[in-house]
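Chain identifiers are assigned alphabetically (A, B, ...) following the order of the sequence lines, protein sequences preceding nucleic acid strands; residue numbering begins at 1 within each chain. Note that these values count all heavy atoms, side chains included, but never hydrogens, waters or copies made by symmetry. Just so you know, these numbers come straight off a predicted model, no measurement behind them.
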Amino acid sequence: MAVTDYLRKRFMPHIWCPGCGHGIIMRALLSAVEKLGLDKNDIVMASGIGCSARMLGYVDAHTMHTLHGRALAFATGVKMARPDLTVVVPMGDGDALAIGGNHFIHAARRNIDMTAIVMNNSTYGMTGGQYSPTTGCGEYGTTAPYGTVVQPFDTVELASAAGASFIARTTTYHAREMARILADAIRHPGFSVVEVLTQCPTYYGRKNAKGDAVEMMEGFRDCAVPVGPLDDSGHATVTIDPEAVDAPIPIGVFRKEVRAEYCDAYRRQVIEPAEAAAAASAAASAAAGGEQ
Amino acid sequence: MSTAGQTERSRVQFLQGNEVCAEAALYAGMRYFAGYPITPSTEIAERLAERLPQVGGSFMQMEDEIGSICAVIGASLAGTKSMTATSGPGFSLMQEAIGYAVMAEIPCVIVDVQRGGPSTGLPTHASQGDVMQVRYGTHGDHSIVCLTASNHQDLFGIVVDAFNFSEVFRTPAVVLIDEVVGHMREAVRVPEPGELDLTERLLTDVPRDVDYHPYAPREDDRLPMSNFGGVHRYNVTGLVHDMWGFPSEKPKIVNDLIHHLYLKLENRKQMLTRWREWSLDDAEIVLISYGSSARSARHIMENRRSVGVPIGMIELQTLWPFPSEMIRTKCRHAEYIVVVEMNMGQIVHEVKRAVDRPERVFLSNRVDGEMITPTDIKHLIRVIQGKGV
């Protein structure tokens, strides 16, 4: 199949602003899906609310545009009902890390098999450019006219502390690598987090004098520092030379660990023994009933 | 527990109301429960954590009530009958997602075991303060199904009804019980498999590779569904949407959808209304009650009847959509109507709206966390009759 076969062209044109990076992420995701040869009927996508969430309308899969911050919780229910389906959850930075922060850390802790894509543009674009949990300290937004006074979340560190078993970061500049990482993340049997730094020239870029879309992507290129290869335990070493790059952004796969996946573990540890015990008990009472 | 071939005697069990909710949900075919611990509903989660895997289902303790209801809606969309259970504070947290299930028309069942409120209120005491929250808790125009019961045998059937209605109308259905019913133990006969009717999901007969319009209602307002993971790929959204499930702001589409969501239930009260009634034929005084309050109301009704007072009673089991026509008809000849409920007056306003001459409607209530007693109700009846307490 061609990448465009995974699109609902009926609902084009899309609503994203000129220069927005979200289309690049959608393209990379579809490339990954195409490369993996997934059947469209086997893909479920759940999203929250915001610019990121609108991706779903354009993808020809089972798509669920849910509530702000809650996409992972909805996706958890889908996965529990149909563990055989491939579940992908694109979210914005506010969606995943502010209003949905609790679901994010618990989905990571559970290690339930789905791919969370954090489309991080450091702002709330849909509502007009307010500061988000990933806006840098001192940066501007419509609700931070004097600059923010808080530290941003580091998505990779947060996912790592919460126990996600696959963690990666990439940017819209690194589109081809993004497609490879997303394919790897989808294939990974556990909770995968892929943070994608994406440009919002309309709000974040304009408010923070980051230039146009191309300049913002060149910024990703210039700041990106690849992490080292994964060691035997599935962890990558991050080596940053502060002299070499101003404001470095480590990119690549940070963690790829094999751990018990939730649906699988629940089936093996809970359902199978409970079903067996119930069947044995029913057989015993049937035998006892027969003797009466 | 509800297997065929059990002796009739072993079908009778001594259960808590919360346990009845769990068993009835399993009977109805519920196979996914997501919840968060909260008094006085926790026993539902505890029992299902043990029971669901025995029948191949899944129990999940989520990070909060918001996550619980969202996971339940997701599992239902993927084809599994699903439920959550909570109490007032958790029910408040669920309201946004309940609106999503209303808008996206995804069946699900929510049990709210009421405690005293507002806020943390009285976690282990009797109250019926959530009636209006069930109806209007989520924002925007909509209708919703809410059922309740005063005793465990009725509760079993009511929970099964809630699942059936949620599937038929593709709507969230709320089972609203109170702390007394939830925690009280009494004998209940678990029906045999097949004894109660179960409504399975109406699935679309549109074949693979043919355009399926997930949100084009049939003439009877029903929407044949295609479960996620099936052969029809479509979009589900909480935004106002067209027949494809794609966002739309066209006034006609908005208008049609809001009318559909409201009228698919409000126009079908005859099917949705469950109630019990006693001695209405010659009743000059009619008591109207529901949940545990109805136990006290029925006691005093029988007690007064035995001394010759012409009194009758209606016990509501469907609270929403409110059975106004039934109430209006049955109360036509009553001189006085006394609504018995444990709140500052919620259903009493619906009764006043429903009947002719609303000035004959009185409220007998109690809001101190103690269960309303037959004596409390008797005092009000005597005052109405001009006899003094």
Side-chain angles (χ1 to χ4, degrees), chain A residues 8 10-11 15 40-44 46-47 49 53-54 56-57 59-82 84-85 102-103 105-107 109-110 262-263 266-267 269-279 281-282 285-286 289 292, chain B residues 1 3 5-7 10 31-32 34 49-64 66-82 96-97 99-100 104 106 108 208 211 226-239 241 244-247:
Chain A
R8 288 175 177 146
R10 174 201 316 267
F11 300 126
I15 64 162
K40 292 195 277 191
N41 285 335
D42 293 337
I43 307 168
V44 171
S47 72
I49 295 294
R54 299 306 282 266
L56 264 69
V59 179
D60 190 12
H62 302 283
T63 59
M64 191 180 197
H65 177 225
T66 72
L67 303 175
H68 196 26
R70 318 297 172 204
L72 287 169
F74 281 95
T76 296
V78 172
K79 187 72 183 176
M80 291 297 286
R82 288 288 307 271
D84 56 310
L85 299 174
N102 200 25
H103 308 304
I105 57 175
H106 285 274
R109 183 173 70 87
R110 246 174 238 127
Y262 185 89
C263 299
Y266 186 82
R267 169 148 288 284
Q269 188 186 320
V270 182
I271 296 180
E272 284 170 9
E275 273 186 317
S281 150
S285 63
Q292 280 172 357
Chain B
M1 173 155 293
T3 51
Q6 268 183 314
T7 60
S10 73
R31 290 297 178 269
Y32 180 71
E50 187 179 353
R51 292 277 291 124
L52 264 169
Q54 293 174 354
V55 295
S58 300
F59 164 88
M60 203 162 190
Q61 184 166 312
M62 291 296 286
E63 50 273 13
D64 55 28
I66 301 173
S68 303
I69 179 71
C70 294
V72 159
I73 295 168
S76 176
L77 185 60
T80 301
K81 283 187 183 176
S82 304
E96 186 193 10
Y100 183 85
I106 303 171
C108 58
R208 174 193 285 264
D211 275 345
S226 178
N227 294 330
F228 262 34
V231 297
H232 303 290
R233 299 173 303 277
Y234 58 97
N235 193 50
V236 176
T237 178
L239 285 166
H241 46 270
W244 299 99
F246 203 73

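- In this structure A:Lys79 satisfies the side chain to side chain donor-acceptor pair (under 3.5 Å) test with no other residue, sequence neighbours excluded.
- A:Tyr266 places a side-chain N or O within donor-acceptor distance of the main-chain N or O of B:Phe59, the cut-off being under 3.5 Å.
- Interface remark: of the candidates A:Leu85, A:Leu67, A:Thr76, A:Leu67 forms the most heavy-atom pairs closer than 4.5 Å to chain B.
- Contact record, A:Ala73 with B:Met62: CB-CE, 4.2 Å, taken as the closest heavy-atom pair.
- Using a 4.5 Å cut-off between heavy atoms, A:Asp60 touches chain B through backbone and side chain atoms alike.
- Contacts of B:Ala104 with chain A are absent, with no heavy-atom separation under 4.5 Å from either backbone or side chain.
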Hey, mind stepping through B:Leu77 and A:His62 against side-chain contact (heavy atoms from CB on, under 4.5 Å) and telling me if it holds?
-> CA-CA 10 Å; B:Leu77 185 60; A:His62 302 283; over 6 Å; no
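- Comparing B:Ala78, B:Cys70, B:Ala75 by how many heavy-atom pairs each has under 4.5 Å with chain A, the most go to B:Cys70.
- Between B:Ser58 and A:Met80, the closest heavy-atom pair is CB-CE, 3.7 Å.
- Using a 4.5 Å cut-off between heavy atoms, A:Ala278 contacts chain B through its side chain alone, with no backbone atom that close.
- No part of A:Arg109 comes within reach of chain B, as not one of its non-hydrogen atoms sits under 4.5 angstrom from that chain.
- A search for salt bridge (Lys or Arg N to Asp or Glu O under 4.0 Å) contacts involving B:Glu63 returns A:Arg110, not counting sequence neighbours.
- Interface summary for chain B: among A:Ala75, A:Gly57, A:Ala46, A:Ala61, the most heavy-atom pairs under 4.5 angstrom belong to A:Ala61.
- Options A:Ala81, A:Cys263, A:Pro273 differ in how many heavy-atom pairs under 4.5 Å they form with chain B, and the most are formed by A:Ala81.
- Counting heavy atoms from C-beta outward, A:Arg8 and B:Phe246 have side chains that stay 4.5 Å or more apart.
- The greatest number of non-hydrogen atom pairs below 4.5 Å with chain B, out of A:Ile49, A:Thr66, A:Val44, is found for A:Thr66.
- Taking NE2 of A:His103 as the start and CG of B:Asp64 as the end, the distance is 5.0 Å to the nearest 0.5 Å.
- Taking chain A as the reference chain and counting heavy-atom pairs below 4.5 Å, the highest number among B:Ala97, B:Gly238, B:Gly230, B:Pro247 is found for B:Gly230.
- Note on B:Ile66, B:Val72, B:Thr80: by heavy-atom pairs under 4.5 Å with chain A, the leading option is B:Ile66.
- Taking CZ from A:Arg54 and OG1 from B:Thr237, the interatomic distance works out to 7.0 Å, rounded to the nearest 0.5 Å.
- Taking CG of A:Asn41 as the start and NE2 of B:His232 as the end, the distance is 9.0 Å to the nearest 0.5 Å.
- In this structure, A:Arg70 and B:Ile69 have side chains that are not in contact, with every pair of non-hydrogen atoms separated by 4.5 Å or more.
- Using a 4.5 Å cut-off on side-chain heavy atoms (C-beta onward), B:Asn227 and A:Arg82 make no contact.
- For the atom pair NE2 (A:His65) and CG (B:Leu239), the distance works out to 5.0 Å, reported to the nearest 0.5 Å.
- B:Asn235 CG to A:Phe11 CZ: the interatomic distance, rounded to the nearest 0.5 Å, is 7.0 Å.
- In A:Glu272, the CD atom is crowded: over 12 heavy atoms of neighbouring residues, nucleotides or ligands sit closer than 6.0 Å.
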